[in-house]
Amino acid sequence: MIKRGYWDIDDILADEEPIMVQVTKTIKGAGFLNPESGELDLNEHTRFTIPLWLAENMATRELAKIELPKIFGESYLNILEADPRIISLKDRSNYFFEVATKLNDFLQDGKFITPLQKVFVARFVHLYNEITHNSDPKIIKKLTELERDIYEKGMKTTREFFDWRERKFDIIRSAQHVVNNAKRFKLK
Amino acid sequence: MENEITLPESEFFAENTKITIIPNFKHAGFQILSGFYGPLRPSVAIEVPLWLGVFLKRQQKCRIIPPAWMDLQVLKDKFEEERKKEEFSELDFYYMEVSSLLLAHAKEDIPNHVLICRLIQDLQDLRTSKIRNSLQKITVENLYANFKDIASIELQAIRRLLPATYDSIDYMRKTENND
């Protein structure tokens, strides 16, 4: 699930997603933020990518303007809505939904979040179908971090159910980390 | 993952349901946390927790009377009802756990246990496909499915997925309402 918190690793990683910004005021001595230009100052109207967290901070201080990433643009959304199931969202952003939520929260621009909810539900329904039919594990390549978490939980539950039905839990076995430890000691 | 209920744990809860046994030994009774069970007399039926019944059965100290729903005819009727109905039919909340335990440890006390085992599996498959079908129908506008009378085992199958999904959608919705 989408979480937000100072210590949440997924939240931190989602904040690292690159965002295109346009500088609105020349910032003296901040040229290092855009090493490509090779200049000392960050000039007005420069367009460059910085992590989301920095973009948000610059935008609140009115030093830069966030440009809505292409992946949330209308044409991309139209492709997504046409068939949400087969498109690889991982290629667009590993934290697609998280970034969308953050951007929506920040920009107060509700245009793209409503279709994305539809896409998320459609993809979940498809995912659940895949989980219960024990399908091709290649699907994992198309999933974002959020969906992969759901997929793995689902697969774990399915595996656990079959183990339970064959009563494999009746036999007491050593815990997995003990087995792994034993292997490690054998190698030495 | 540590704070989630696993299937063996769910079975552990199911072992608290009561079951009737016919002991073949004499004992003053058992004082355990859930109460006092006894006195036990040979061939006098008595109600005990399932785990105690299975424990005694494994030592050949009693005969287990299967619960009323674990009967071939009752299950056949349930199966028919399940097939005709759109929603779930009413079953024991722990029907899978109880039947699995009894079929594993007290086979000889259950008449037609082979058929019953198969019927329960068919019933479970039917109910699983019902969950699948109702989940296939959800959309953003109509997010919720009716899972009334869902049994423990089926609940376990979706409890890790659905809440996480709904939380994520709610989270996205919250930012939508800001503007």
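Throughout, protein chains are lettered first and strands after them, A, B, ... in sequence-line order, and every chain is numbered starting at 1. Keep in mind the model is a prediction, meaning the values are calculated, not measured.
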- Message: Could you measure the distance from the CG atom of B:Leu161 to the NZ atom of A:Lys153? Nearest 0.5 Å is fine.
- Response: 8.0 Å
- Does the side chain to side chain contact (heavy atoms under 4.5 Å, CB included) test come out yes or no for B:Ile153 and A:Trp164, once each step is laid out? CA-CA 10 Å; B:Ile153 203 80; A:Trp164 176 82; 3.6 Å; yes
- Item | Side chain, backbone, both or neither of B:Gln156 within contact of chain A (heavy atoms, under 4.5 Å) | backbone
- Query: Is B:Arg63 atom CZ crowded by more than 12 heavy atoms from other residues, nucleotides or ligands, each under 6.0 Å away?
  - Reply: no
- Message: With clusters defined by side-chain heavy atoms of hydrophobic residues (ILVMFWY) lying less than 4.5 Å apart, directly or transitively, does A:Met20 cluster with A:Trp53?
- Response: no
- Counting only heavy atoms not in B:Arg41, do more than 12 fall under 6.0 Å of its CZ? no
- Task: Would you name the heavy atoms of B:Arg132 and A:Thr132 that are closest together and state the gap between them?
- Result: CD-OG1, 3.1 Å
- Query: If you group Ile, Leu, Val, Met, Phe, Trp and Tyr by side-chain heavy-atom gaps below 4.5 Å, do B:Ile22 and B:Leu40 land in one group?
  - Reply: no
- Message: Is it true that, when you exclude B:Glu86 itself, more than 12 heavy atoms of the residues, nucleotides or ligands shown sit nearer than 6.0 Å to its CD?
- Response: no
- Query: A:Phe161 versus chain B, heavy atoms under 4.5 Å apart: side chain, backbone, both or neither?
  - Reply: both
- Rounded to the nearest 0.5 Å, what separation is found between the NZ atom of B:Lys174 and the CG atom of A:Asn104? 13.5 Å
- Message: For a quick test of reading the model, state the closest non-hydrogen atom pair linking A:Ile113 to B:Met172 and the distance between them.
- Response: CG1-O, 3.9 Å
- Task: Determine whether more than 12 heavy atoms belonging to other residues, nucleotides or ligands lie under 6.0 Å from atom CD of A:Glu36.
- Result: no
- Find out whether A:Phe120 and B:Val140 are in side-chain contact, i.e. whether some heavy atom of one side chain is under 4.5 Å from a heavy atom of the other. no
- Query: Out of A:Leu127, A:Val125, A:Asp163, A:Ile150, which one racks up the most heavy-atom pairs below 4.5 Å with chain B?
  - Reply: A:Val125
- Item | Under 3.5 Å: donor-acceptor pair, side chain of A:Glu160, backbone of B:Leu7 | yes
- Item | Cluster link A:Ile131 to A:Ile86, ILVMFWY, side chain under 4.5 Å | no
- More than 12 heavy atoms from other groups under 6.0 Å of CD on A:Glu74: no
- Sorted by number, residues from residues 97-126 of chain B in contact with chain A (heavy atoms, under 4.5 Å): B:Glu97, B:Ser100, B:Leu101, B:Ala104, B:His105, B:Gln121, B:Gln124, B:Asp125
- Mark yes when over 12 heavy atoms from residues, nucleotides or ligands other than A:Glu67 sit less than 6.0 Å from its CD; otherwise mark no. yes
- Portion of A:Asp170 that has a non-hydrogen atom of chain B nearer than 4.5 angstrom: side chain
- Item | Interatomic spacing from CD in A:Glu147 to OG1 in B:Thr165 - rounded to 0.5 Å | 9.5 Å
- Might you confirm whether atom CZ of B:Phe55 has over 12 heavy atoms from other residues, nucleotides or ligands at distances under 6.0 Å? no
- B:Thr139 versus chain A, heavy atoms under 4.5 Å apart: side chain, backbone, both or neither? backbone
- Task: Counting only heavy atoms closer than 4.5 Å, note whether A:Leu146 contacts chain B via side chain, backbone, both or neither.
- Result: side chain
- Task: Start with the C-alpha distance between B:Leu162 and A:Tyr128, add both sets of side-chain angles, then the distance that settles side chain to side chain contact (heavy atoms under 4.5 Å, CB included), and finish with yes or no.
- Result: CA-CA 10 Å; B:Leu162 277 189; A:Tyr128 186 77; over 6 Å; no
- Query: Rounded to the nearest 0.5 Å, how far does CZ of B:Arg173 lie from OG1 of A:Thr114?
  - Reply: 9.5 Å
- State whether the number of non-hydrogen atoms from other residues, nucleotides or ligands found under 6.0 Å of A:Lys65 atom NZ is greater than 12. no
- Message: Counting heavy-atom pairs closer than 4.5 Å to chain B, which one of A:Arg167, A:His126, A:Glu98, A:Lys102 comes out on top?
- Response: A:Arg167
- B:Phe25 with B:Ile46, same ILVMFWY side-chain cluster at under 4.5 Å: yes
- Message: Is any side-chain heavy atom of A:Phe124 closer than 4.5 Å to one of B:Ile138?
- Response: yes
- Item | Same cluster (ILVMFWY, side-chain, under 4.5 Å), B:Ile65 and B:Val54 | no
